[in-house]
Amino acid sequence: MNYEGKDLVATGAELVAASSLIGEVYGSLSRLPRVLPTPEVETAVKAFLDQLSPERRTVTSAMIAAVANPGRAGTLHYTLGDVEVRRSILAWHPRTGPAWAFMFFADTRWHLRLLTPEDLLRVLMEVLQESAPLRSTPYRCCLNTSSSLLFLGILHLLQAAHWQACLSHVESPLSFDPGVLPDVMHEGGTEDFRWPLYFFDKVLPHSVEIMPWAEELAPALADLVAHDLIKPDGADYRLTMNGFAFAAGFRHHLTKVALRFTSQNAADIEAHEAVLLVRSPHDLHLLDVGGKESALASLSLADARALLEDLLRIGPAVAVEAPAATPAAPTPAKRTCTVCGTRFAMDADVCPTCGTPAHLETSSPPPAATPPAAIEPPPPPKTPPVTTPPLCKQCGKPLAKATSKFCGHCGAPVS
């Protein structure tokens, strides 16, 4: 274990030994390797920690605590074309304050450093080529999770058929046989980052290959037809114009970003949110999966920045309830966004703040973890004046609040 610049570099066994020496136990979201250190490793790690300056030891202990017992954990992968893939782990702990512990594996050892949300956002927007303009191809819909993942499998099937046709010097097929899709999905665990299906599968909490596709196939196909992504073609199916727009973007993609965050509620139930962003020369497509619901959308770069900014926000993905006031009339049940913590109406399909799919939690979330004493808490928010909420320009319904980034009814971005 040693420092190389700002990076703490260690083997898995050394990280496990260090977590024990600083008194941080494995948490349920732990990202530490499952290895046992030898007595010799424990002795060497103790000597390393003892010789650190107080400031450097504080930073070291914070990073190790974050990966051993995170309050919120993430998995981040991104590709640069079909040439290179980067894989990393994000972990937040109250001891890391306003930063993420960023962890990646290289040359047989783990590297850890602290990065702010702004640092990570800057890297991801560079990967998504924020400086290159996009054309306007608006599309947005909410689907069942199995439907959106199956659509990813359909795009995979058609792309594979296209390459086979190119090699055989024949025309590419326009339709597909739905009967082969379960086999396509059961190969989802394949290790090949060049294919969006296999790439996204590596950040999902459970691989698509273990899902019961024989049972999910028919309702998922019907859901995709209902949302104008595919249409029947005799006994087969083919893409609609909306579906073809996604297929073209995925086929000619330049970069991809896959990101998943995991947190726990008061009942120790894990909540996951996973997003796939695919950048092509002209489009930026989103697949957002959370629980049983998901969303497919064509995004602007501003939408992508707002979404990533909310996902990378420091702390557990929960809302802090205001102190109890005088008794009042019962209020309607609300949902809580597991990404940004916003409370919004039960009949909304997407979160009005970050645009992610609505989730089914209706209980009050637990309070956020207390930040370290060295970090000054932000001033309490000012109570805004009561105003009439603006209307969505797309569907005409009232927005949840004046600062909403997305319409909670139709999902359209608020300009």
Side-chain angles (χ1 to χ4, degrees), residues 74-86 117-118 120-143 148-149 151-152 154-156 158-159 193-200 203-204 227-229 239-261 273-290 294-312 339-340 350-351 353-357 394 405-407 410-415:
T75 303
L76 171 63
H77 296 185
Y78 63 86
T79 70
L80 304 175
D82 289 339
V83 179
E84 186 179 6
V85 63
R86 303 285 179 88
E118 293 75 21
L120 288 166
L121 182 62
R122 182 168 55 252
V123 170
L124 294 181
M125 293 310 297
E126 287 178 1
V127 171
L128 296 175
Q129 302 183 14
E130 187 176 24
S131 59
L134 297 172
R135 65 187 175 192
S136 179
T137 54
Y139 180 83
R140 191 181 301 264
C141 71
C142 293
L143 301 163
S148 61
L149 294 176
F151 184 63
L152 196 57
I154 291 171
L155 299 186
H156 177 98
L158 290 173
Q159 183 171 340
F193 69 86
R194 295 170 295 182
W195 297 81
L197 174 65
Y198 301 153
F199 173 69
F200 191 43
V203 306
L204 294 174
H227 287 90
D228 194 31
L229 290 165
L239 296 174
T240 63
M241 290 304 295
N242 286 327
F244 181 77
F246 279 91
F250 277 54
R251 180 180 299 173
H252 302 293
H253 73 268
L254 303 173
T255 61
K256 304 186 295 291
V257 172
L259 178 63
R260 186 192 92 226
F261 280 108
E273 188 79 20
V275 299
L276 171 66
L277 290 162
V278 179
R279 169 68 201 249
S280 72
H282 303 294
D283 299 289
L284 178 59
H285 295 303
L286 166 73
L287 172 55
D288 189 328
V289 176
S294 65
L296 277 171
S298 297
L299 295 184
S300 68
L301 288 164
D303 289 340
R305 172 177 278 276
L307 175 63
L308 289 171
E309 189 173 21
D310 284 323
L311 285 170
L312 294 169
V339 174
C340 68
V350 297
C351 173
T353 299
C354 66
T356 52
Q394 183 72 22
K405 297 185 181 74
F406 295 87
C407 174
C410 69
V414 177
S415 56

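- The two atoms that bring Tyr78 and Leu124 nearest to each other are CD2-CD2, 4.4 Å, heavy atoms only.
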Test Met241 against Tyr139 for side chain to side chain contact (heavy atoms under 4.5 Å, CB included), laying out the working first.
CA-CA 11 Å; Met241 290 304 295; Tyr139 180 83; over 6 Å; no

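- Judged purely by atom type and a 3.5 angstrom limit, Thr255 has no side-chain atom pairing as donor or acceptor with the backbone of Leu80.
- Nearest heavy atoms, Ser294 versus Ser148: OG-OG, 2.8 Å.
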Is there a side chain to side chain contact (heavy atoms under 4.5 Å, CB included) between Leu239 and Ile154? Walk through the geometry before answering.
CA-CA 9 Å; Leu239 296 174; Ile154 291 171; 4.3 Å; yes

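- Using a 30° and 60° split on the angle between ring planes, Trp195 and His156 fall in the tilted class, from 30° to 60°.
- Between Leu284 and Ser300 there is no side-chain heavy-atom pair separated by less than 4.5 Å.
- Between the CG atom of Leu308 and the CE atom of Met125 there is a distance of 6.5 Å, given to the nearest 0.5 Å.
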Give the C-alpha distance, both sets of side-chain angles, the deciding distance and a yes or no for side-chain hydrogen bond (donor to acceptor under 3.5 Å, both in side chains) between Ser298 and His285.
CA-CA 5 Å; Ser298 297; His285 295 303; 3.2 Å; yes

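- Atoms CZ and CG, on Phe246 and Leu287 in that order, are 8.5 Å from each other to the nearest 0.5 Å.
- Note that the CG atom of Leu311 and the CG atom of Leu120 stand 11.5 Å from one another [nearest 0.5 Å].
- Between the side chain of Thr79 and the backbone N or O of Lys256, at least one donor-acceptor pair lies under 3.5 Å.
- Closest non-hydrogen pair, Phe261 versus Gly74, comes out as CD2-CA, 3.6 Å.
- Closest approach of Leu152 to Leu197, counting heavy atoms only: CD2-CA, 3.8 Å.
- By the 4.5 Å heavy-atom criterion applied to side chains, Leu277 and Leu299 are counted as neighbours.
- Under the 3.5 Å distance criterion, the side-chain polar atoms of His252 are left unmatched by any main-chain donor or acceptor of Gly249.
- Taking CG of Leu259 as the reference point, atom CG of Leu276 lies at 10.5 Å (rounded to 0.5 Å).
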Run the side chain to side chain contact (heavy atoms under 4.5 Å, CB included) check on Leu296 and Arg140 step by step: do they pass?
CA-CA 6 Å; Leu296 277 171; Arg140 191 181 301 264; over 6 Å; no

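- Arg251 and Gln159 get closest at one heavy-atom pair: CA-OE1, 4.0 Å.
- Put simply, CG on Leu134 and NE2 on His282 are 10.0 Å apart, with the number rounded to the nearest 0.5 Å.
- Under the 6.0 Å cut-off for aromatic ring centres, Phe200 and His77 do not qualify, their centroids lying 6.0 Å or more apart.
- Nearest heavy atom pair, residue Phe193 against residue Phe199, reads O-CB, 3.7 Å.
- In this structure, the side chain of Arg279 engages the main chain of Gln129 through a donor-acceptor pair within 3.5 Å.
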Take Val203 and Val275 through the side chain to side chain contact (heavy atoms under 4.5 Å, CB included) test and state the conclusion after the steps.
CA-CA 9 Å; Val203 306; Val275 299; over 6 Å; no

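- Rounded to the nearest 0.5 angstrom, Asp303 CG and Leu307 CG are separated by 8.5 Å.
- Under the 4.0 Å criterion applied to side-chain N and carboxylate O atoms, Glu273 and Arg260 are not assigned as salt-bridge partners.
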